[in-house]
Amino acid sequence: MAEVIFNKLEKVYSNGFKAVHGIDLTIADGEFMVIVGPSGCAKSTTLRMLAGLETISGGEVRIGEKVVNNLAPKERGIAMVFQNYALYPHMTVRENLAFGLKLSRMPKEQIDMQVDEAAKILELEELMDRLPRQLSGGQAQRVAVGRAIVKKPDVFLFDEPLSNLDAKLRASMRIRISDLHKQLKKSGKPATSVYVTHDQTEAMTMGDRICVMKLGHIMQVDTPDNLYHHPKNMFVAGFIGAPEMNIKPTRLAEHNGRLHITVGNNMLPLTDHQQQKLAAYKDQQVFFGVRPEFVSVADEPFADGCASGEMVRVENMGHEFFIYLKVGDYELTGRIPSDEAKPMINKGLNRKVWFRFDMHKCHIFDAKTEQNISL
Ligand SMILES: Nc1ncnc2c1ncn2[C@@H]1O[C@H](COP(=O)(O)OP(=O)(O)O)[C@@H](O)[C@H]1O
Ligand SMILES: [Mg+2]
């Protein structure tokens, strides 16, 4: 059992800077939890407190049944993989893999067995006699992961382990690490994983759940699907998803007894559900948010309510186009399948087109608190 619990966890650095503001988080035994957020939001600080590499200023960290605040790293049942690999340069791959186990005075046969097992899982068998400088970035990172695996820890910690790899390798290592987690689970030896990244694609594809952080606070902890479709606030809405959600100021105007968002010179009606939720916000300034894939664009007005804007730019992604619309004094992004977009784009840019939103997928945020008030 290795549930991980943060209880009002705080970090104040010696210069007085408060990096972590009393966060609460429960990571279930065997769960893959991703902590994501922009650079400087205290992901590493949080992970390092869990690892025992950084002192805890307030609150507690529990691993399994134990409060580990005052335990040394090696007493916590964890293994950590760093961004810079941290391999010993003068040791071969085999020696790097075996080093931690030797320190723990494990019998040689047992060490060999665990090292061979890890080498097999990570396909390192051909590389065992090489030195780190004779490895590619991807191979070095596999050795770094292997060094964590051989320890058979209760909890794996990863701090941006793929950031130094190129995009292709990143994608394949992402799958490898996810598969490894599933493999351990299937074999009846699940390891809890805490994976830190600033990359929302890694977060979305790897996490059972994702914890989104901003400036030392937790903004939302949820499944990838819920973060994407039901963001609790404007920060999460904007951080998760690429291209980004369109988030723009608007006024909730009443027209024919119904609330509408105003988009440029046009109005789009709220759904019944939104109407009910937002009655108190009539005539107020709020923000609306809509993801690019829920924006439709056409040459002619849509029958059931739409707005107009100028098509100012397009980007060809192959299977789809990003279409940029100038509406009033801002731009909106639409994400349109190629077959639909091409005839429109062929008629030329810088002309009036019509668009609408799938209002069921639209979010409304309070202008002051930035909370999602349409959920
Ligand atoms: N040793 C330190 N002393 C003072 N401030 C620090 C120290 N280490 C990190 N910080 C600050 O704490 C904040 C969080 O840093 P960090 O945990 O490294 O963020 P992240 O990993 O999310 O990029 C940053 O503002 C950083 O400048
Ligand atoms: Mg960091």
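Counting convention: from 1, in listed order, for ligands and their atoms alike. Every heavy atom of this structure was used, including side-chain atoms; hydrogens, water molecules and symmetry mates were not. A quick note: this is a predicted structure, and the numbers were derived from the prediction, not measured.
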Inset, instruction - Give the residue and atom name of whichever protein heavy atom lies nearest to atom 19 (O) of ligand 1, and the separation in Å to one decimal. - result: Ala42 N, 3.3 Å

Inset, instruction - Return yes when at least one protein heavy atom is under 4.0 Å from atom 26 (C) of ligand 1, and no when none is. - result: no

Legend entry - More than 12 heavy atoms of other groups within 6.0 Å of Glu244 CD: no

Legend entry - Transitive ILVMFWY side-chain link Leu127 to Ile149, under 4.5 Å: yes

Inset, instruction - Could you list the atoms of ligand 1 found under 4.0 angstrom from a heavy atom of Ser39? - result: 23 (O)

Legend entry - Contact bool for atom 12 (O) of ligand 1 (protein heavy atom, d < 4.0 Å): yes

Inset, instruction - Please confirm whether the backbone N or O of Gln134 pairs with a side-chain atom of Arg130, one donor and one acceptor, at under 3.5 Å? - result: yes

Inset, instruction - Check each atom of ligand 1 against the heavy atoms of Thr45 and keep those under 4.0 Å away; list them by number with element. - result: 14 (C), 15 (O), 16 (P), 17 (O)

Inset, instruction - Return yes or no for this condition: an N or O of Cys41 is under 3.5 Å from an N or O of ligand 1. - result: yes

Legend entry - atom 18 (O) of ligand 1: nearest protein contact (heavy atom, Å): Ser44 CB, 3.9 Å

Legend entry - Charged tip of Arg147 within 45° of Tyr88 ring normal and under 6.0 Å: yes

Legend entry - Ser44 backbone or side-chain N/O/S under 2.8 Å from the Mg ion (ligand 2): yes

Inset, instruction - Report yes or no: does a heavy atom of Gly40 sit under 4.0 Å from some atom of ligand 1? - result: yes

Legend entry - Ala19 neighbourhood, listing ligand 1 atoms whose heavy-atom distance to it stays under 4.0 Å: 12 (O)

Inset, instruction - Return the residue, atom name and 0.1 Å-rounded distance of the protein heavy atom closest to atom 5 (N) of ligand 1. - result: Tyr13 CD1, 3.4 Å

Legend entry - For Asn15, the ligand 1 atoms whose distance to one of its heavy atoms is below 4.0 Å: 4 (C)

Inset, instruction - Considering only NZ, NE, NH1 and NH2 on the basic side and carboxylate oxygens on the acidic side, decide whether Arg94 and Asp129 come within less than 4.0 Å. - result: no

Inset, instruction - Using the ring of Phe357 (Phe, Tyr or Trp, six-membered ring only), decide whether Lys361 places NZ or CZ under 6.0 Å from its centre and within 45 degrees of its axis. - result: no

Inset, instruction - Taking Ser308 for its side chain and Val353 for its backbone only, find out whether a donor-acceptor pair lies under 3.5 Å. - result: no

Inset, instruction - Report yes or no: is the cationic atom of Arg313 (NZ for Lys, CZ for Arg) closer than 6.0 Å to the six-membered ring centre of Tyr324, at no more than 45° off its axis? - result: yes

